[in-house]
Visitor: 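Quick one: this structure, given as structure tokens, is what I'll be asking you about.
Order of the sequence lines fixes the chain letters, A, B, ..., with proteins taken first and strands second; residue numbering starts at 1 for each chain. Quick caveat: nothing in here was measured; it's all calculated off a predicted structure.
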Amino acid sequence: MYFRTPSISTMDYQYKEIEKKWQDFWAENQTYKVENNSEKPKYYVLDMFPYPSGAGLHVGHPLGYIASDIFARYKRLKGFNVLHPMGYDSFGLPAEQYAIQTGQHPALTTEQNISTYRRQLDQIGFSFDWSREVRTSDPEYYKWTQWIFMQLFNSWYNLEAEKAEPIEALVKRFEVTGSAGIKAVSDEDVLSFSAEEWNSFSESQKQEELLKYRLTYLKESTVNWCAALGTVLANDEVKDGVSERGGYPVEQKKMMQWSMRITAYADRLLQGLDTIDWPEPLKEMQRNWIGKSTGASVVFPLENGGGSIEVFTTRVDTIFGVSFLVIAPEHELVTSLTTSEQKEEIESYISQTKKKSELDRMADTKTVSGAFTGSYALNPLDGTKIPVWIADYVLAGYGTGAVMAVPSGDQRDFLFAKHFNLPIIQILDGQQDIEHQADPTKEGKYINSGFINGLTHQEAIPALISKLEELNAGKAKIQYRMRDAIFGRQRYWGEPVPVYFKDGLPHLIEESELPLLLPEVDKYLPTETGEPPLGRATDWKYNGEASYELSTMPGWAGSSWYWYRYMASAEDRKETAFAPKTVIEYWKDVDLYIGGSEHATGHLLYSRFWNKFLKDLGYVVEEEPFKKLINQGMIQGRSNFVYRVLDEEGKGTNRFVSYNLKDEYKTTPLHVDVNIVENDVLDLDRFKKFRAEFENAEFILENGKYVCGVEVEKMSKSKFNVVNPDDIIERYGADTLRLYEMFLGPLEQSKPWNTNGIEGVFKFLRKFWKLFHNDKFELSISDEEPTKAEYKALHKIIRKVEEDIERFSFNTSVSSFMICVNELQELKCNKRKILQDLVIVLAPYAPHITEELWSLLGNRSGALSYAQYPKFNPDYLVEDEFAYPISVNGKMRMNLNISLTLEAADIEKLVLSNEDVQKYLDGKNPKKVVVVKGRIVNIVI
RNA sequence: GCUCGGGUGGUGGAACUGGUAGACACGCAGGACUUAAAAUCCUGUGACCCUUAAAGGUCGUGCGGGUUCGAUUCCCGCCCCGAGUACCA
């Protein structure tokens, strides 16, 4: 027997002292500092880093971090060299909005917010290697974000090689063979020129042309302009026609903007999804966002010569069913197509459309509207005259902004044709009921369709494509929904773009001049002339003369490569690369990434894009950055309500009625701070202090208690339902918080925060503590050989936790820990051979209490984190008997203990001869007896 | 509308490949200890029926069907909730 006197252990479980002690120990001893060279296999566990907001962490934020920390700690025990870093996505709008209101520099608020976050994170006992922290707003970091921007500027996408290449390679080809034979992803308006012509271009002509090929480029394009935020927004930052942050209106506006040629990677981004282990809904969202459709582009010549309308269609086989063309009201040909008779009608329709906001236009998809231009196009295959209409159901931004309308096959075209009385032509004998609705079928043989009459869908498509190619009137085409990403923001708190302007053309600054620091400004608002805030910086010129780009980079810039910066240790960061090549070759990619699904089409798509680009240039080694990804569910708020009694006039009194009695009164519900409610029972004294007006409140109680109402809502201050992890830790400790967040349910499911069950988890830890101590709370450990039952309890949990962690089922291991401790308590087990292994198994979940017990057991402090996970021995679980459930006609009737050495035939005999079974048989012979060894017996009568 | 999740006790949830539905925990009820309270421990707890009790029976995983010796799990049809997306030609 071991006894230990003074110190923490002579008392009940003292989580506060224990947790403080070990958090300090880990920090002082740099327990979780990772080396970049190791004999061990690597494992990279990454969390989506937070934006450090002023509100601090609430109880929902750490959910994913706890899961990833358990995983990281588990992998260490399993002998992996684990990279588990944390940092801050510290550029962003809220700090800047705050700066605008208060004049305080965003760097300052950001710094303060970060220290709050850090304090809160440290309290939870994460095993992060803080020596590798990154902050996207740190010049030492954004230097490399700017550097990557420069690489993009200096690259083009070669479709033959299917990868990005240095722009010099393109220049060389222009110099030797001109533009002929170049297959590149570029703007549409690229010039055709010979080598001689290229060589005779002026420098600025050359630069202008190259800009059309660069992977980041400046171009006049239609952007989402948000006046309230004073900036453009990317498509993924606009939701339902309003800004995602703040919900301000967004309008379409033409502006000169930096863009990223992400469309060059559309197909690789799509293909890559098949190679990574991500949640299916997330992959689906990315597929939809990329929106690949295979079809054909067809050119319809105009009747009066001079020009044509190009359309994109996925059903070129329906071309003989086209009875009109529709172009978007914004289409560039609208003016020239409009005849003088139709001018008034068209103009009134366009002004009508403009008045409709984006939101109305999306909401109202039922009403059919449009106007006839007065002009006709010709079907390129048979010369049929086809009227050209405009309508707002055709979007300017997709395809060519023009469609060929086939009313018999497309419901929208059908409605339009019915409304304006246009012909509906059947094209397949398989189409049904086209008097009443369109039938998009591909079944049957073509009719009314010229040379494809009698063909099937399969046969018609290639025949049409080759015919169209022959006539020079169309070709097969693949269309993507995804657009190039706008990359500039007219804001202050972001990375400056390392570009200056000379003769109206952009030029990169020298690499040696990085980082281009964010200049000081007097105010964080646009200038009087409407330029972005950087326009306020005085004397901010390149070489004292040339203007810098005044936009800054968008929020996603810094987060599109940060996982590589973590690979670089503090020493590595002195080197001249974002991370040393050897280090990137060691860590390669992220093995497990945990974060929210809200980043599906933003961060996760841009990161994959930049990763592929960096790989093309040879800076990184993997095509996909995040091998496995898990979405943690959202933790919603759980609001509590009190019910204020109303008097006859409907005015609020100072009486409050308990939830189940409220229907007997006229009441109005009132949010009450969830922190003064426990298990939905209101703490009356604290309620009286909650607000001055409640000081003399009276209560109508049920069973002596005031029961509150409950509703699930978003966690927010105004609903008084925010639960701060600090409060939970104060009351129960970090280990309880960690276990409880996992115990709440499956990681990926969204669920409301509800502290109702937290006591059970806390009790479990106290029981666990007691296993090591006697009634006087003195350490009491036995070196005796454990019994079979004790070994069995231990080895059950060893295996269970392994299985659970590998499938990210953290909630079920917590239950199993409880079962194990209950069993050991029952067995009064205090044997070292059992408890020490149990300490290791529990360590990833509850690192503080286990460290304390580990050292109380006489082990070296801190060594627990790198201990060896106990080896599961199935021998301990072997049973010689099993209580077979005996079913009769599928209904479980009883259990019979039968030796597991018996085979099916013997079991059957044994069961049928049993007295109780005989009762069910009632003298009859069973029709069939199913025996599954070790599982079940089913008797069919 | 389309796509993807999900419907299990009073509550959170468990049941991993078709094999004892409701583990574990909360809550609730009763009891022990205590002058008392807290803490702790013990017992019970899906619904209904029968019974003094022991025991027993019927129903039961959103609804309706199917496959199977056996279905929360597989198949078909429907209802409800949540998320994403939306005139994408």
Visitor: Between N or O atoms, less than 3.5 Å apart, protein on one side and nucleotides 12-21 of chain B on the other: list the pairs.
Guide:
{"from": "B/rG12", "atom 1": "O2'", "to": "A/Leu744", "atom 2": "O", "distance (Å)": "2.7"}
{"from": "B/rG13", "atom 1": "OP1", "to": "A/Gln749", "atom 2": "OE1", "distance (Å)": "3.4"}
{"from": "B/rG13", "atom 1": "O3'", "to": "A/Asn811", "atom 2": "ND2", "distance (Å)": "3.4"}
{"from": "B/rA14", "atom 1": "OP1", "to": "A/Asn811", "atom 2": "ND2", "distance (Å)": "2.8"}

Visitor: Is A/Asn288 near enough to B/rC88 that one of its side-chain N or O atoms lies under 4.0 angstrom from OP1 or OP2?
Guide: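 So the side-chain polar atoms of A/Asn288 never come under 4.0 Å of the phosphate oxygens OP1 or OP2 of B/rC88.
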
Visitor: Less than 4.0 angstrom between a side-chain N/O of A/Ser293 and OP1 or OP2 of B/rA89, yes or no?
Guide: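 Yes, within the criterion.
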
Visitor: Can you tell me, in whole Å, how much space there is between the C1' of B/rA32 and that of B/rG46?
Guide: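 About 28 Å, rounded to a whole number of Å.
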
Visitor: Can a side-chain donor-acceptor contact be found between A/Asn822 and A/Lys767 if the only test is distance below 3.5 angstrom?
Guide: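 On atom types as modelled, these side chains qualify, holding a pair under 3.5 Å.
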
Visitor: Does the side chain of A/Thr736 pick up a donor-acceptor pair with the side chain of A/Tyr13 at under 3.5 Å?
Guide: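 A/Tyr13 and A/Thr736 do not have a side-chain donor-acceptor pair below 3.5 Å.
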
Visitor: Taking Watson-Crick (N1-N3 plus N6-O4 or O6-N4) and G-U wobble (N1-O2, O6-N3), each under 3.5 Å, can you produce the dot-bracket string of RNA chain B? Use [ ] for crossing pairs and | for inter-strand ones.
Guide: (((((((..(((......[....)))((((((.......))))))((((......))))..(((((..]....))))))))))))....

Visitor: Under 4.0 Å, heavy atoms only, any strand: does A/Glu284 hit a base, just the sugar-phosphate, or nothing?
Guide: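 Sugar-phosphate contact only.
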
Visitor: Quick one, A/Arg287 with A/Glu284, criterion salt bridge (charged side-chain N to carboxylate O under 4.0 Å, His left out). Give me CA distance, side-chain angles, the key distance, then yes/no.
Guide: CA-CA 5 Å; A/Arg287 284 191 194 106; A/Glu284 201 57 30; 3.1 Å; yes

Visitor: Looking for any heavy atom pair under 4.0 Å, which part of the strands does A/Arg287 touch: base, sugar-phosphate only, or nothing?
Guide: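 The answer is nothing, as A/Arg287 stays clear of every strand by at least 4.0 Å.
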
Visitor: Would one find a side-chain N or O of A/Lys891 under 4.0 angstrom from OP1 or OP2 of B/rC59?
Guide: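 Result: yes.
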
Visitor: Enumerate the protein-to-nucleotides 37-45 of chain B contacts in which both atoms are nitrogen or oxygen and the separation is below 3.5 Å.
Guide:
none

Visitor: If only side-chain N and O atoms of A/Tyr398 are considered, is one of them under 4.0 Å from the OP1 or OP2 phosphate oxygen of B/rA86?
Guide: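 For B/rA86, OP1/OP2 do not have a side-chain N/O of A/Tyr398 under 4.0 Å.
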
Visitor: Tell me if B/rG77 is syn or anti. Syn = glycosidic torsion within 90° of 0, anti otherwise.
Guide: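 B/rG77: anti glycosidic orientation.
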
Visitor: Can a side-chain donor-acceptor contact be found between A/Asn914 and A/Tyr920 if the only test is distance below 3.5 angstrom?
Guide: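 Result is no, nothing qualifies.
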
